[in-house]
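This report concerns only the one structure given below.
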Amino acid sequence: MFLYNELYIYNIRKDTWTKVEIPSPPPRRCAHQAVVVPQGGGQLWIFGGEFASPDGEQFYHYKDLWVLHLATRTWEQVRSPGGPSGRSGHRMVAWKRQLILFGGFHESTRLVPIAGRSFFPAVVRRELFMGKTIVNTHGICCPIS
């Protein structure tokens, strides 16, 4: 298995793919989530995922948050204390000015075991532009006062 660390942009009108080289991207990974928001000229947000070496000797779940500023084509790692633990296979959506993350798994812990894997039943919200991370372990997203 080989993990890629490549970024492609598809032009719908021209029906063409273009590989884009941007310095200092996130480490290569798979099973992460990415969402696009229009703020700041367009942003691509990425959270989590996993890395496995080709020989299977190294395995790692990421818990990092990255944003690609599409207008300037620059990557930025967002350091946010209190964020979710490392995971892959989760889901993430953008809603208003928030990122909402749900579920996922981590193969080396015992949280909610199903078919030999451990799943995270929590909803995590990241307030865009406010730097807040809110974890709700009941799986329900609640408004912030």
Side-chain angles (χ1 to χ4, degrees), residues 1-14 16-53 58-145:
M1 168 175 49
F2 184 78
L3 298 179
Y4 294 97
N5 192 16
E6 300 172 335
L7 178 67
Y8 285 85
I9 295 177
Y10 179 70
N11 186 314
I12 297 170
R13 289 187 194 128
K14 294 180 180 178
T16 58
W17 286 97
T18 304
K19 185 177 179 180
V20 181
E21 300 288 340
I22 299 176
S24 305
R28 58 188 174 154
R29 65 191 65 211
C30 65
H32 56 284
Q33 282 291 292
V35 297
V36 175
V37 297
Q39 286 86 358
Q43 299 171 335
L44 171 69
W45 289 81
I46 293 176
F47 179 81
E50 60 189 59
F51 168 82
S53 62
Q58 295 180 355
F59 184 83
Y60 182 77
H61 277 99
Y62 289 104
K63 62 177 183 176
D64 53 353
L65 180 64
W66 290 80
V67 59
L68 171 60
H69 301 280
L70 298 171
T72 60
R73 293 193 176 190
T74 56
W75 283 105
E76 175 188 357
Q77 184 172 8
V78 179
R79 303 203 187 274
S80 178
S85 58
R87 65 188 67 206
S88 56
H90 51 287
R91 297 297 174 255
M92 185 169 71
V93 297
W95 180 66
K96 296 186 180 181
R97 289 185 170 227
Q98 302 174 63
L99 299 177
I100 301 174
L101 185 144
F102 179 79
F105 66 91
H106 191 289
E107 294 184 18
S108 65
T109 61
R110 300 280 179 228
L111 293 175
V112 179
I114 300 173
R117 291 189 169 172
S118 297
F119 292 83
F120 295 91
V123 169
V124 177
R125 294 188 334 184
R126 165 97 181 143
E127 294 281 334
L128 299 180
F129 313 111
M130 297 178 75
K132 296 178 184 176
T133 301
I134 297 92
V135 179
N136 181 335
T137 57
H138 301 291
I140 302 167
C141 188
C142 301
I144 299 172
S145 51

> Between atom CG of L68 and atom OG1 of T74, what is the distance when rounded to the nearest 0.5 Å?
Replying inline: 7.0 Å
> NE2/H61 to NE2/H90 distance, rounded to the nearest 0.5 angstrom?
Replying inline: 9.5 Å
>> Using every non-hydrogen atom in the two residues, find where A71 and G40 come nearest and quote the distance to one decimal.
In response: CB-O, 4.1 Å
> What's the spacing between I22 CD1 and L7 CG if we round to 0.5 Å?
Replying inline: 5.0 Å
> Below 4.5 Å, heavy atoms only, C-beta onward: do V35 and L99 meet side chain to side chain?
Replying inline: yes
>> Nearest 0.5 Å, please: how far is CD1 in I9 from CG in L70?
In response: 7.0 Å
> Looking only at atom types and distance, does a side-chain atom of Q33 sit under 3.5 Å from a main-chain N or O of M92, one as donor and one as acceptor?
Replying inline: yes
>> With rounding to the nearest 0.5 angstrom, report the CD to CD distance, E21 to E6.
In response: 7.5 Å
> Any donor and acceptor pair, going by atom type alone, linking the side chain of R79 with main-chain N or O of Q77 inside 3.5 Å?
Replying inline: no
>> Once you measure the plane-to-plane angle for W17 and Y10, does it fall in the parallel (<30°), tilted (30-60°) or perpendicular (>60°) bin?
In response: tilted
> For S24 and W66, which heavy atoms make the closest approach, and how far apart are they?
Replying inline: O-CZ3, 3.8 Å
>> Could you measure the distance from the CG atom of N5 to the CZ atom of F51? Nearest 0.5 Å is fine.
In response: 11.0 Å
> Given the rule in the side-chain contact (heavy atoms from CB on, under 4.5 Å) test, do R29 and D64 qualify, once you have shown the distances and angles that lead to the verdict?
Replying inline: CA-CA 11 Å; R29 65 191 65 211; D64 53 353; 2.7 Å; yes
> Are the ring centres of Y60 and Y62 closer than 6.0 Å?
Replying inline: yes
> If you take all heavy atoms of K63 and F47, which pair is closest and at what distance?
Replying inline: O-CE1, 3.4 Å
> Side chain of R87, backbone of G103: donor and acceptor closer than 3.5 Å?
Replying inline: yes
